[in-house]
Q: 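Got a structure here, written out as structure tokens. Questions coming.
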Amino acid sequence: MDRFKALMISKKDEGGQSVDWVELGTEDLMEGDVLVRVSHSTINYKDGLALEARAPIVRRWPLIPGIDFSGTVAESNHPDFKPGDAVILNGWGVGETHHGGYAQYARVNGDWLIHRPAAFTAAEAMAIGTAGYTAMLCVLALEAHGVVPASGPVLVTGAAGGVGSIAVSVLARLGYHVIASTGRTSETEFLRGLGAAEIMDRSELSGKARPLGKERWAGAVDVAGSTTLANAIAMTSYGGTVAACGLAQGMDLPASVAPFILRGITLCGIDSVMAPKAKRVEAWDRLARDLDRSKLSELTVTHPLADVIGLAPKILAGEVRGRVVLEIE
């Protein structure tokens, strides 16, 4: 098979890491029973951390980064897939301990793949990507704990980012009153266009959290962690639920047990990396049904894969609106 281009992160002998474009053959890929011709990927916050060496995301060296991709099966020894099948991969340690999506080919365990819903093109699947799939896992968690549109408003933090923008769009389409929290007030019209009913400056959630605050929302989707999450919990209404899926602000949680005991709050941790296949399929099926594709195009920009190194610091600085699709070919 022809040689192909890939982005490789390597350790330097003197310390640190280097990020370089290399040429590989499929024999250079890692173990797996399905070979995928990758057509699209994306850049998530975790990808930015890996490329910028801001956190120990990469744990095997050298490694092709990229925690998700969409493409077409080229070869398969897995019973669920055959050449020509359209597939998606999110997580499973890809881009962390296994070669990821920033290459023209990827060889992976077929159990990590799901069939791409017919409702989406390969590019749209990556416009959603791990961020959108995680957002839907959060929505499913809210629903599972009884948070419905009639329950009251739902807060979404980091609303202009990847997870947040998809969460706002889906929740609004489902009929929720969405309060979109963002540090970029310049994105007010963008967020209202996605369906946000209210815009909140993130500074309202950045101060020291009280044990209990005024009840303001029935549920929340939080990407920040730390003080933001503590404040979101403190202001959740009786019996409400907070779905926590990120730690952009920090891994600490300076909160009180009071909301859990006195208001019966539920805090749901959302893991997108190792979620079982049935939950993944459910999330993608719901995205196919509940995500407005016209809104998806509004929150998406497309770049060639070659731009990904320059995009990494921007996504960490919160300068990337919505979703970025990376075209591999």
Q: I'd like to know if the side chain of Tyr133 and the backbone of Ser272 have a donor-acceptor N/O pair within less than 3.5 Å.
A: yes
Q: Side chain to side chain contact (heavy atoms under 4.5 Å, CB included) with Ile315: which of Leu49, Val308, Ile43?
A: Ile43
Q: Ignoring hydrogens and angles, tell me if any N or O in the side chain of Asp201 forms a donor-acceptor pair with the backbone of Ser203 under 3.5 Å.
A: yes
Q: Please determine whether side-chain hydrogen bond (donor to acceptor under 3.5 Å, both in side chains) holds for the pair His78 and Asp111, giving the CA-CA distance in whole Å, both sets of side-chain angles, and the decisive distance to 0.1 Å.
A: CA-CA 8 Å; His78 192 283; Asp111 291 339; 2.7 Å; yes
Q: Hydrophobic cluster membership, with links at side-chain heavy-atom distances under 4.5 Å among I/L/V/M/F/W/Y: are Leu155 and Val221 in one?
A: no
Q: When rounded to the nearest 0.5 angstrom, what distance separates CD1 in Ile166 from CG in Leu296?
A: 5.5 Å
Q: Could you walk me through whether Ser169 and Leu291 pass the side-chain contact (heavy atoms from CB on, under 4.5 Å) check?
A: CA-CA 7 Å; Ser169 182; Leu291 179 61; 3.8 Å; yes
Q: Between Met200 and Ile233, is there a shared hydrophobic cluster once you connect ILVMFWY residues whose side-chain heavy atoms come closer than 4.5 Å?
A: no
Q: Is it possible for you to say whether Met251 and Val223 belong to one hydrophobic cluster, with membership spreading through side-chain heavy-atom contacts below 4.5 Å?
A: no
Q: Evaluate the side-chain proximity of His98 to Glu31: yes if any heavy-atom separation is below 4.5 Å, no if none is.
A: yes
Q: Shortest non-hydrogen contact from Ile265 to Gly239?
A: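 Taking Ile265 first and Gly239 second, the nearest heavy atoms are CD1-N, 4.2 Å.
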Q: Could you give the distance from CZ (Arg210) to CG (Asn231), rounded to the nearest 0.5 Å?
A: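 The CG atom of Asn231 is 10.0 Å from CZ of Arg210, to the nearest 0.5 Å.
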Q: Are the side chain of Ser70 and the backbone N or O of Ala122 linked by a donor-acceptor pair below 3.5 Å?
A: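 Pair found, side chain donor or acceptor close to backbone of Ala122.
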Q: For a quick test of reading the model, state the closest non-hydrogen atom pair linking Pro304 to Leu326 and the distance between them.
A: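 So the two residues come closest at O-CD2, 3.9 Å.
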Q: Where do Tyr102 and Val19 land on the side-chain contact (heavy atoms from CB on, under 4.5 Å) test, with the steps shown first?
A: CA-CA 12 Å; Tyr102 293 170; Val19 182; over 6 Å; no
Q: In Å, rounded to the nearest 0.5 Å, how long is the span from OG1 of Thr26 to CZ of Phe4?
A: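 Spacing of OG1 (Thr26) from CZ (Phe4) equals 6.5 Å.
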Q: Take Arg3 and Glu27 through the salt bridge (charged side-chain N to carboxylate O under 4.0 Å, His left out) test and state the conclusion after the steps.
A: CA-CA 10 Å; Arg3 307 285 288 175; Glu27 69 276 6; 3.3 Å; yes
Q: Tell me the closest heavy-atom pair linking Ala244 and Leu229, and the distance in Å.
A: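 So the two residues come closest at CB-CD2, 4.0 Å.
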Q: Check each of Leu29, Asp28, Val22 against Ile64 using the side chain to side chain contact (heavy atoms under 4.5 Å, CB included) test, and report the only one that passes.
A: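 Answer to the side chain to side chain contact (heavy atoms under 4.5 Å, CB included) test with Ile64 among Leu29, Asp28, Val22: Leu29.
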Q: State the CD-OG distance between Gln249 and Ser206, to the nearest 0.5 angstrom.
A: 7.0 Å
Q: Please find the pair of heavy atoms, one from Val163 and one from Ala135, that lie closest to each other, and give the distance.
A: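 Answer, listing the atom of Val163 first, then Ala135: O-CB, 3.6 Å.
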Q: Can you tell if the side chain of Ser41 reaches within under 4.5 Å of the side chain of Asp68, non-hydrogen atoms only?
A: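 In short, these two side chains touch, coming nearer than 4.5 Å.
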Q: Does Gln104 reach the side chain of Lys5, with side-chain heavy atoms less than 4.5 Å apart?
A: yes
Q: Just by modelled atom types, is the Leu51 backbone N or O under 3.5 Å from a matching donor or acceptor in the Gln17 side chain?
A: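 It does hold such a pair.
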Q: So for atom CZ, which belongs to Phe260, do other residues, nucleotides or ligands contribute more than 12 heavy atoms lying within a distance under 6.0 Å?
A: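 Above 12, so yes.
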Q: Quick check: do His303 and Val324 have side-chain heavy atoms less than 4.5 Å from each other?
A: yes
Q: Under a 3.5 Å threshold, yes or no: a donor from one side chain and an acceptor from the other, between His177 and Glu198?
A: yes
Q: Report the residues that fulfil salt bridge (charged side-chain N to carboxylate O under 4.0 Å, His left out) with Glu189, sequence neighbours left out, ordered by chain and then residue number.
A: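 Glu189: no salt bridge (charged side-chain N to carboxylate O under 4.0 Å, His left out) contacts found.
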Q: Side-chain contact, heavy-atom cut-off 4.5 Å: His99 with Arg60?
A: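 The answer is no; the side chains never approach within 4.5 Å.
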Q: Is there a donor-acceptor contact under 3.5 Å from the side chain of Trp217 to the main chain of Gly240?
A: no
Q: Ignoring hydrogens and angles, write down the donor-acceptor pairs under 3.5 Å from the side chains of residues 80-94, residues two or more places apart or on other chains.
A:
from: Lys82; atom 1: NZ; to: Asp85; atom 2: OD1; distance (Å): 3.0
from: Asp85; atom 1: OD2; to: Lys82; atom 2: N; distance (Å): 2.9
from: Asn90; atom 1: OD1; to: Trp284; atom 2: NE1; distance (Å): 3.2
from: Asn90; atom 1: ND2; to: Thr130; atom 2: OG1; distance (Å): 3.2
from: Trp92; atom 1: NE1; to: Trp112; atom 2: O; distance (Å): 3.4

Q: NZ of Lys277: more than 12 outside heavy atoms within 6.0 angstrom?
A: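 Result for NZ/Lys277: enclosed.
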Q: Applying side-chain contact (heavy atoms from CB on, under 4.5 Å) to Asn44 and Arg323, what does each step give before you reach the verdict?
A: CA-CA 8 Å; Asn44 299 282; Arg323 301 288 297 134; 3.6 Å; yes
Q: Same hydrophobic cluster for Val156 and Leu287, using side-chain heavy-atom links shorter than 4.5 Å among ILVMFWY?
A: yes
Q: Which heavy atom in Tyr176 sits nearest to a heavy atom in Val154, and how many Å separate them?
A: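 It is CD2-CG2, 3.5 Å.
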Q: Using 0.5 Å steps for rounding, measure from the CG atom of Leu247 to the CG atom of Leu253.
A: 11.5 Å
Q: If two hydrophobic side chains count as joined below 4.5 Å and joins carry through other members, does Leu137 share a cluster with Tyr45?
A: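 Shared cluster, no.
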Q: Measure from the side-chain N and O atoms of Arg321 to the backbone N and O of Ala160, and report whether any donor-acceptor pair falls under 3.5 Å.
A: no
Q: So Arg263 and Glu215, do their side chains get closer than 4.5 Å, heavy atoms only?
A: yes
Q: Any Lys/Arg nitrogen of Glu96 or Lys46 sitting under 4.0 Å from an Asp/Glu carboxylate oxygen of the other?
A: yes
Q: Is any side-chain heavy atom of Asp33 less than 4.5 Å from a side-chain heavy atom of Asn109?
A: yes
Q: Can you tell me how far apart CE (Met126) and CD (Glu327) are? Round to the nearest 0.5 Å.
A: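 Between atom CE of Met126 and atom CD of Glu327 there are 13.0 Å.
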Q: I'd like to check Ile57 versus Ile67 (side-chain heavy atoms, cut-off strictly below 4.5 Å). Are they in contact?
A: no
Q: Donor-acceptor pair, Arg192 side chain versus Ala197 backbone, under 3.5 Å?
A: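 Checking the backbone N and O of Ala197 against the side chain of Arg192, a donor-acceptor pair under 3.5 Å is found.
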Q: Report the C-alpha distance between Thr228 and Arg202 in whole Å, list the side-chain angles of each, state the deciding distance to 0.1 Å, and finish with yes or no for side-chain contact (heavy atoms from CB on, under 4.5 Å).
A: CA-CA 8 Å; Thr228 295; Arg202 72 180 177 198; 6.0 Å; no
Q: What are the two closest heavy atoms between Gly146 and Ser151, and how far apart are they?
A: O-OG, 3.4 Å
